[in-house]
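Input: a single structure, listed below in structure tokens.
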Amino acid sequence: MPELPEVETIVRGLREQILGIEIQAARLLKADMLRIPRRASRKFKDFFVGRNFVAIDRVGKFLLFTLNDRSRLVAHLGMTGKFVVTNGRFPDPPYLCSQYIFRNGQRLDHIDVRRFGRLEIYPSGSKIPIIERLGPDPLSPEFKPQTLRSLLFGRSGRRRRRAMHTLLLDQSLISGVGNIYASEALFRAGIRPQRRADRVRLRELGALADSLRQVMREAVAAGGTTVSDYRRVDDKPGRFVASLRVYDREGQPCRDCEAKIKRTILGGRSAYYCPKCQK
DNA sequence: CTTGTGCCCTGCCAGC
DNA sequence: TGCTGGCAGGGCACAA
């Protein structure tokens, strides 16, 4: 599942491969994945053909492609989405959702088995609601003590009662964190995933902020975490899986204390933790 | 405002 | 051995 480090790795790979190269053809194979705001309803290819990508950015877990006419393609990879660049001499892969062919012969395949992902196209200058709703991500300069405080206190100033793991997954508070890094950051901060926000001390937030930043930086450096589907643009797996302390390690010994790693369900999602290292 | 639930989708695998 | 029900989960619509 692509989270911040995986999406960042993909974005960096895409920049190297396709920036500034004219798009010769584009097609949408899974029409239900595209949501176009009413204002612009052209054929899919007409947004791309003859143009080129001038910028590719990451916002939270979203990819933001800017074309030279300043219109923008927003992509979310959901659980199983991939962007793969090849020399175009291979047949279409299964589960192809959209495809972009460049003048130099390169081909960008957008693949998504479960189709939890999403594409949106916005005209130049228009606001992108799904991105404006996002909180700052742990690697952005806007990520401040106040950001972490918003985990514990709602807009009304009332103390939240949800589990910390669930709060970390709330993209409107902090963006880019998914199941893997929520568990990993909480482990590093010594906080159990099921601990309610109203039972977290303010000074524990500092450790959590450091853990989030640290785990994200390390994972980006490793090219992300490949548990099942995620692949880099060059189809190689991410190496951070070797550094996971708790995620997907139920029953295995904690690397610090050798207690057995436990798994629990919070908000319908698996959370992993060490019962001895995390309080 | 806050929190919880179910839905989307398909590969995988435990259990029969 | 072969089938199958349930599980996995990011984001969102909707309900309470």
Side-chain angles (χ1 to χ4, degrees), chain A residues 1-8 10 28-37 58-64 74-83 93-98 110-120 128-135 137-138 149-186 193-200 216 219 224-231 237-238 241 244 246-251 262-272:
Chain A
M1 55 222 74
E3 305 179 25
L4 184 157
E6 290 74 35
V7 177
E8 181 65 28
I10 291 166
L28 177 69
L29 294 95
K30 304 289 181 209
D32 59 328
M33 294 190 69
L34 178 67
R35 315 281 161 88
I36 307 180
R58 177 187 61 77
V59 186
K61 303 180 200 171
F62 288 85
L63 293 97
L64 190 55
V74 181
H76 193 288
L77 295 173
M79 288 292 298
T80 55
K82 290 192 272 191
F83 280 110
Y95 312 110
L96 187 63
C97 298
S98 66
H110 164 212
I111 302 157
D112 193 342
V113 176
R114 288 187 210 171
R115 305 215 305 273
F116 272 24
R118 183 161 303 206
L119 291 176
E120 298 189 9
I128 302 178
I130 49 173
I131 282 183
E132 301 219 338
R133 280 199 292 269
L134 298 175
D137 77 56
R149 235 180 103 81
S150 73
L151 287 181
L152 303 197
F153 300 93
R155 240 172 288 279
S156 56
R158 255 210 346 264
R159 197 124 189 177
R160 297 180 192 274
R161 305 163 66 94
R162 299 157 81 190
M164 287 306 287
H165 185 267
T166 307
L167 285 167
L168 287 177
L169 297 181
D170 188 332
Q171 302 297 299
S172 69
L173 303 174
I174 295 178
S175 63
V177 181
N179 230 18
I180 296 175
Y181 300 104
S183 282
E184 291 298 313
L186 287 168
Q194 57 271 62
R195 182 114 68 92
R196 284 168 32 167
D198 57 354
R199 303 279 171 78
V200 171
M216 291 301 184
T225 303
T226 295
V227 173
S228 54
D229 295 272
Y230 162 72
R231 286 292 184 283
V241 64
L244 296 177
V246 289
Y247 182 80
D248 205 25
R249 296 193 67 238
E250 183 181 16
K262 291 197 167 194
R263 183 175 79 104
T264 186
I265 305 291
L266 296 168
R269 245 121 255 190
S270 291
Y272 299 84

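Convention: sequence-line order gives letters A, B, ...; per-chain numbering from 1. What you see is a predicted model; the values in this text were computed from it and never measured.
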Write down the distance between [atom1] ([X]) and [atom2] ([N]), rounded to a whole number of angstrom.
| X | N | atom1 | atom2 | result |
| --- | --- | --- | --- | --- |
| A:Asp170 | B:dT3 | CG | P | 9 Å |
| A:Arg160 | B:dT2 | CZ | C1' | 8 Å |
| A:His165 | C:dG10 | NE2 | P | 8 Å |
| A:Arg115 | C:dG9 | CZ | P | 20 Å |
| A:Arg114 | C:dC7 | CZ | P | 14 Å |
| A:Leu152 | B:dC1 | CG | C1' | 17 Å |
| A:Asp32 | B:dT10 | CG | P | 9 Å |
| A:Arg133 | C:dG10 | CZ | C1' | 13 Å |

- Item | Base C:dG10 paired with A:Arg269 side chain (donor-acceptor, <3.5 Å) | yes

Classify the nucleic acid contact of [X] as base, sugar-phosphate or nothing, counting any heavy atom under 4.0 Å across all strands shown.
| X | value |
| --- | --- |
| A:Ser270 | sugar-phosphate |
| A:Gly178 | nothing |
| A:Leu77 | nothing |
| A:Gln171 | sugar-phosphate |
| A:Arg263 | sugar-phosphate |

- Task: Could you tell me whether A:Arg114 sits above the aromatic face of A:Phe116, with NZ or CZ closer than 6.0 angstrom to the six-membered ring centre and within 45 degrees of the axis?
- Result: no

Side chain of [X] only, please: which of [options] is the nearest?
| X | options | answer |
| --- | --- | --- |
| A:His76 | C:dG11, B:dG4, C:dC12 | C:dG11 |
| A:Ser156 | B:dG11, B:dC1, C:dG10 | B:dC1 |
| A:Arg161 | C:dG11, B:dT3, B:dT2 | B:dT3 |

- Phosphate contact (B:dC9 OP1 or OP2) by A:Lys30 side-chain N/O below 4.0 Å: no

- Any ion pair linking A:Asp112 and A:Lys30 (charged N to carboxylate O, less than 4.0 Å)? no

- Message: Keeping A:Lys82 on the side-chain end and A:His110 on the backbone end, is there a donor-acceptor pair under 3.5 Å?
- Response: no

- Can you check whether A:Arg58's main-chain N or O pairs, donor with acceptor, with A:Glu8's side chain at less than 3.5 Å? no

- Could you check whether A:Phe116 and the base of C:dG11 form a stacked pair, meaning centres closer than 5.5 Å and planes differing by less than 30°? no

- Position toward the 5' end of DNA chain B (nearest nucleotide), A:Phe153 or A:Gly267: A:Phe153

- Nearest non-hydrogen partners of A:Pro138 and A:Ile174, listed with the distance: CD-CG2, 3.9 Å

